[in-house]
Amino acid sequence: MERTFLMIKPDGVQRNLIGNIISRFEQKGYKLVGMKLMHISRALAEKHYAEHVGKSFFEGTVSYITSSPVVAMVWAGNNVVAGARDMLGATNPNNATPGSIRGTYGLDISRNVIHGSDSTTSAEREISLYFTPEELVDYSKNVDAWLVE
Ligand code: CDP
Ligand code: MG
């Protein structure tokens, strides 16, 4: 089953949005297969945002993401990478559709509440940065048959 890496950023944790955000993905039908509350080190943040090294927002983004704990998660389900990105909304909350997470909770591109992998390749890379294989839980749920034919 397809997997993605989602992370509630420091602003989401500080603003008490953990429960609301997790609830959205649960209600959609995705399955939580890994989760941890953690304080990201600078080294991990630099690996996570390696594609943005040298850009004007790189330093600010690394300081933001390491400023307070985050909730790192792996979610699984049909088309979860693209589906979750749609649920996040555009990178800039001011351009995000109102019902999306960033559109609902954000005001500023540098405080956009949540991260989500942008492709299946990024998802596998990011999952391996944050989780060991043993930390991911493989299980079935009774609702599975009601979610996908
Ligand atoms: O997170 P997403 O994949 O939607 O966007 P990105 O282009 O990969 O940028 C990564 C993160 O850098 C964003 O989520 C923002 O937190 C931050 N960023 C920023 O602060 N200012 C920008 N102009 C672009 C990105
Ligand atoms: Mg990105």
Side-chain angles (χ1 to χ4, degrees), residues 1-138 147-148:
M1 201 187 294
E2 190 171 296
R3 304 187 299 180
T4 197
F5 175 72
L6 301 178
M7 187 175 81
I8 303 172
K9 294 181 176 182
D11 48 335
V13 173
Q14 291 286 343
R15 293 175 55 209
N16 303 319
L17 298 175
I18 296 172
N20 282 327
I21 290 172
I22 289 177
S23 202
R24 287 178 176 233
F25 295 108
E26 277 191 306
Q27 288 172 3
K28 169 72 175 168
Y30 298 136
K31 188 188 295 177
L32 183 62
V33 297
M35 178 161 75
K36 58 173 94 160
L37 177 74
M38 61 188 287
H39 207 131
I40 303 183
S41 67
R42 188 176 172 91
L44 178 55
E46 287 176 354
K47 280 188 201 156
H48 179 134
Y49 286 117
E51 65 174 312
H52 297 307
V53 169
K55 295 184 188 167
S56 58
F57 59 86
F58 179 76
E59 275 304 321
T61 300
V62 167
S63 340
Y64 155 51
I65 220 72
T66 56
S67 63
S68 183
V70 301
V71 178
M73 301 174 286
V74 179
W75 288 82
N78 242 5
N79 194 43
V80 68
V81 172
R85 284 282 288 194
D86 280 347
M87 289 172 68
L88 262 55
T91 304
N92 187 337
N94 295 316
N95 302 329
T97 48
S100 65
I101 294 170
R102 288 163 169 172
T104 301
Y105 299 120
L107 289 174
D108 187 323
I109 192 168
S110 62
R111 297 288 182 272
N112 61 0
V113 184
I114 184 165
H115 166 83
S117 308
D118 63 9
S119 66
T120 52
T121 308
S122 305
E124 291 308 315
R125 186 187 82 88
E126 291 167 5
I127 289 169
S128 69
L129 283 179
Y130 287 85
F131 293 90
T132 63
E134 298 71 39
E135 288 173 326
L136 302 178
V137 185
D138 184 20
L147 288 164
V148 178

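Numbering of ligands and ligand atoms starts at 1, following listing order.
- Taking the six-membered ring for Trp and thresholds of 30 and 60 degrees, Y49 and H115 have ring planes more than 60 degrees apart, a perpendicular arrangement.
- Of the protein's heavy atoms, H52 NE2, 3.5 Å lies nearest to atom 9 (O) of ligand 1.
- Close approach to R102 involves these atoms of ligand 1, each under 4.0 Å from a residue heavy atom: 1 (O), 2 (P), 4 (O), 14 (O).
- Ranking protein heavy atoms by distance to atom 3 (O) of ligand 1, first place goes to R85 NH1, 2.8 Å.
- Looking at T61, T91, L88 and measuring to atom 5 (O) of ligand 1, the nearest heavy atom belongs to T91.
- Residue contact check: Y49 has heavy atoms under 4.0 Å from atoms 10 (C), 11 (C) of ligand 1.
- In this structure, the side chain of R125 engages the main chain of H48 through a donor-acceptor pair within 3.5 Å.
- At the top of the distance list for atom 15 (C) of ligand 1, counting protein heavy atoms only, stands I109 O, 3.5 Å.
- Taking atom 16 (O) of ligand 1 as the reference point, the nearest protein heavy-atom neighbour is K9 NZ, 3.1 Å.
- Taking a cutoff of 4.0 Å between a charged side-chain nitrogen and a carboxylate oxygen, R3 and E124 qualify as a salt bridge.
- Scanning the protein heavy atoms around atom 18 (N) of ligand 1, the nearest turns out to be F57 CD1, 3.4 Å.
- Between Y130 and F5, the gap from one ring centroid to the other is short of 6.0 Å.
- Rounding to the nearest 0.5 Å places CG of L17 at 10.0 Å from CD1 of I114.
- For ligand 1 and N112, the ligand atoms under 4.0 Å from any heavy atom of the residue are 13 (C), 14 (O), 15 (C), 16 (O).
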